[in-house]
Amino acid sequence: MKKISVLGLGYIGLPTSILAAQSGYKVLGFDVDQDKVEKINNGEPTILEPEVIQRLYQVLESKNFSASVDLHPAECFLIAVPTPFEETKTKKEDKKADLTYVFSAAEKVATVLFPGNLVILESTVPVGTTAKLAKILEEKSGLKVGIDFFVAYCPERVLPGRIFQELIINDRVIGGLCQRSAELAREFYSKFVKGHLTLADDKTAEMVKLVENSSRDVQIAFANQLDAMCQKIGINPYRVIELANKHPRVNILNPGCGVGGHCIAVDPWFLIETFPKDSELLKTTRKINDNKPNQVIKDVLKKIDAIKENGISKPKLLVLGLTFKADVDDMRESPALKIAQELKKKKSLLELAVCEPNVISDSLREMGFANIKGLFEGVAWADLVLILVKHKEFYSIKELDLKDKDIVDYCGLLHELDSSEFASYLNFDLTLRDAACSRSSGRAG
Ligand code: SAJ
């Protein structure tokens with residue numbers, strides 16, 4: 001295999017194209033977006049990710065990679081297009097995968113499919129989609145899968161912010177429609193993946209991807225419920241988790257302000273769609289995690305009321321972090337953003353400022369955040385500090401004078417800063433613990 005075509009030049013397709021090109025393949029990246037294609041060919045990456053600029057420049061220079069809005073024949077086609085929810089479905093329980101992009105990519109590939117070709121699907125999809133994709137390829141090309149051409153499913157597992165590293169080192173599962181399909185896909189990936197490549201069937205690989213993200217969702221929901229329980233009795237949930245995790249077979253995740261991004265909050269729905277009767281736990285999980293931002297808003301408004309009772313007529317609220325998780329610039333589906341936007345509407349109750357070091361101020365202003373502050377200036381200004389995302393920049397909050405500030409921490413930053421011997425002692429000393437709770441709504445530890 002020498003000539004590869006990658007369909008969809010987004011967060012997965014572009015870095016995968018670049019790595020494949022760096023490992024010696026001739027890669028043609030295909031995308032329907034002319035503007036994106038032009039930018040990429042000019043060396044301007046359309047995703048924000050460490051290493052992408054240098055690597056893109058290198059593969060354009062070596063002429064191993066170029067992007068196009070036309071698809072040409074190749075030996076291997078890799079499909080990495082988005083699979084959002086169907087737009088028409090409005091009811092929460094009705095969320096279904098929209099496979100339009102996957103199937104139109106298959107139709108496109110069928111027009112240039114030749115005997116001996118391999119087609120790999122990487123997009124996250126409901127179980128059974130790879131087989132449907134193979135059917136479309138057969139119908140539109142007149143060729144036979146497993147005889148004339150080969151089809152495999154190989155889900156990605158990368159974390160934004162570490163995409164290149166993880167594309168190289170992570171183990172992967174390859175689900176072939178037949179043994180030969182899986183083996184050919186392994187041959188393709190083995191040129192640039194150092195992690196172990198395990199072969200399976202297509203349905204198993206599809207299930208593995210959905211189960212990975214769903215299990216994380218369930219675990220976060222458990223942490224979020226545990227958080228609610230601890231708040232009710234005034235103990236520190238992060239401390240409880242830290243201590244419980246000292247058990248050799250316990251590994252509880254962290255409570256947060258909600259679950260954002262395009263994966264964890266989406267993929268469980270693809271299982272619910274296929275297995276409506278066997279997914280009670282997943283439905284409950286989605287409900288708990290989706291409701292967490294509302295819970296945060298309620299808590300903050302209570303805190304605002306308490307501050308008002310102490311004589312400040314319009315408390316100043318500083319929100320730390322707006323992205324969907326720490327140290328990324330991605331605000332799509334961000335619970336922190338949702339919380340800040342809702343609180344911004346409460347103009348008669350509070351004055352709001354935001355601090356988000358990963359996003360340029362112009363973008364924040366476009367979203368309607370007029371009051372943008374740096375960490376030091378913002379903390380000095382605020383009566384109440386709401387920590388929603390654990391960005392590395394926020395760790396320097398420890399250098400600031402917080403004694404007259406109210407702080408509500410929804411990501412465990414203060415607990416991390418405080419996990420000294422003294423903080424551990426707090427949990428055994430009720431007087432000290434209560435003092436800590438009154439300063440930080442029981443969250444600082
Ligand atoms: N979160 C918590 N508590 C935690 C961990 C995460 O509240 O203990 C929240 C985050 O703040 C964020 C959301 O969950 O809002 C999701 O963040 P994440 O870091 O768990 O995951 P993603 O969406 O960035 O990436 C996930 C990863 N999947 C798993 O860890 C099982 C990644 O490996 C996948 O490649 C990616 O989904 C994907 O593309 O499917």
Side-chain angles (χ1 to χ4, degrees), residues 8 10-16 47-49 80-84 97 122-126 153-173 195 205-228 237-238 241-242 244-245 250-271 285-286 288-293 295-296 320-339 358 387-391 394 409-413 415-416:
Y11 271 88
I12 302 302
L14 182 62
T16 307
I47 60 167
L48 259 162
E49 181 64 27
V81 294
T83 47
E122 283 209 7
S123 313
T124 306
V125 290
Y153 180 68
C154 183
E156 54 80 20
R157 285 174 159 167
V158 296
L159 267 191
R162 293 170 41 89
I163 292 182
F164 283 100
Q165 270 167 283
E166 294 212 354
L167 272 176
I168 296 168
I169 60 168
N170 285 357
D171 293 346
R172 295 183 80 140
V173 179
E206 289 168 335
M207 194 71 179
V208 165
K209 173 66 192 178
L210 297 176
V211 158
E212 285 169 0
N213 281 352
S214 300
S215 85
R216 194 154 170 89
D217 200 28
V218 171
Q219 290 177 58
I220 298 169
F222 176 63
N224 280 334
Q225 291 241 288
L226 199 154
D227 180 32
Y238 296 98
I241 291 168
E242 183 190 328
N245 283 350
V250 173
N251 185 17
I252 303 170
L253 293 181
N254 275 328
C257 66
V259 171
H262 286 266
C263 310
I264 308 269
V266 174
D267 298 359
W269 289 107
F270 293 5
L271 284 174
T285 290
R286 287 281 72 246
I288 293 166
N289 287 339
D290 272 351
N291 192 44
K292 189 71 191 261
Q295 195 52 52
V296 175
L320 294 184
L322 295 175
T323 58
F324 93 89
K325 66 179 196 173
D327 304 323
V328 298
D329 65 342
D330 192 346
M331 289 201 283
R332 293 168 302 169
E333 312 301 326
S334 163
L337 179 64
K338 180 181 171 188
I339 292 164
N358 297 302
I387 315 177
L388 295 180
V389 189
K390 225 180 329 182
H391 289 318
F394 296 159
D409 177 6
Y410 271 95
C411 53
L413 180 96
H415 177 69
E416 259 182 54

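In what follows, every heavy atom counts, from backbone to side chain, and hydrogens, waters and symmetry copies are set aside. Whatever order the structure lists them in is the order used to number ligands and atoms, beginning at 1. Residue numbers count from 1 along this sequence.
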Chemist: First locate atom CG of N224, then atom SG of C257, and finally report the distance between them rounded to the nearest 0.5 Å.
Modeler: 9.0 Å
Chemist: Tell me: protein heavy atom nearest atom 17 (O) of ligand 1, and distance?
Modeler: K325 CD, 3.8 Å
Chemist: Measure the distance from atom 11 (O) of ligand 1 to every protein heavy atom, then report the residue, atom name and distance (to 0.1 Å) of the closest one.
Modeler: F324 O, 3.4 Å
Chemist: Among all residues two or more places apart in sequence or in another chain, which pass the side-chain contact (heavy atoms from CB on, under 4.5 Å) test with N291?
Modeler: N294
Chemist: May I ask you to identify the nearest protein heavy atom to atom 23 (O) of ligand 1, giving residue, atom name and distance to one decimal place in Å?
Modeler: I264 CG1, 3.6 Å
Chemist: Can any side-chain N or O of Y153 pair as donor or acceptor with the backbone N or O of S123 at less than 3.5 Å?
Modeler: yes
Chemist: Below 4.5 Å, heavy atoms only, C-beta onward: do R216 and V259 meet side chain to side chain?
Modeler: no
Chemist: Is any side-chain heavy atom of L210 closer than 4.5 Å to one of T124?
Modeler: yes
Chemist: Using heavy-atom distances, let me know which of I220, N170, N213, D217 sits nearest atom 1 (N) of ligand 1.
Modeler: I220
Chemist: Below 4.0 angstrom, N of the basic side chain to O of the carboxylate: do K209 and E156 qualify?
Modeler: yes
Chemist: Can you tell me which residue and heavy atom of the protein come closest to atom 20 (O) of ligand 1, and the distance to 0.1 Å?
Modeler: R216 NE, 2.5 Å
Chemist: Let me confirm one number: the CG-CD distance from N289 to Q225, rounded to the nearest 0.5 Å.
Modeler: 9.0 Å
Chemist: Got the closest protein heavy atom to atom 3 (N) of ligand 1, with its distance?
Modeler: N254 O, 2.8 Å
Chemist: Near F222 CZ, under 6.0 Å, is it more than 12 heavy atoms from other residues, nucleotides or ligands?
Modeler: no
Chemist: Who's closest to atom 40 (O) of ligand 1 heavy-atom-wise, of R157, R162, K209?
Modeler: K209
Chemist: Just do the side chain to side chain contact (heavy atoms under 4.5 Å, CB included) check on N213 and D217 with the steps written out, would you?
Modeler: CA-CA 6 Å; N213 281 352; D217 200 28; over 6 Å; no
Chemist: Atoms of ligand 1 less than 4.0 Å from P160 heavy atoms?
Modeler: 24 (O)
Chemist: With respect to atom 16 (C) of ligand 1, which of P335, G260, G261, A221 exhibits the smallest heavy-atom separation?
Modeler: G260
Chemist: At what distance is the nearest protein heavy atom to atom 34 (C) of ligand 1, and which residue and atom is it?
Modeler: V158 O, 3.5 Å
Chemist: Going by the atom numbers of ligand 1, which of them fall below 4.0 Å from some non-hydrogen atom of E212?
Modeler: 31 (C)
Chemist: Just do the side chain to side chain contact (heavy atoms under 4.5 Å, CB included) check on D227 and Q295 with the steps written out, would you?
Modeler: CA-CA 11 Å; D227 180 32; Q295 195 52 52; over 6 Å; no
Chemist: Who's the nearest protein heavy-atom neighbour of atom 39 (O) of ligand 1, and how far?
Modeler: E156 OE2, 2.6 Å
Chemist: How far is atom 36 (C) of ligand 1 from its nearest protein heavy atom, and which residue and atom name does that atom have?
Modeler: C263 SG, 3.6 Å
Chemist: List every atom of ligand 1 that sits less than 4.0 Å from any heavy atom of L159, numbering the atoms from 1 in the order shown and giving each element.
Modeler: 19 (O), 24 (O), 25 (O), 27 (C), 32 (C)
Chemist: Less than 4.0 Å is my threshold; does some heavy atom of G258 fall inside it relative to ligand 1?
Modeler: yes
Chemist: Does at least one non-hydrogen atom of T124 fall below 4.0 angstrom from an atom of ligand 1?
Modeler: no
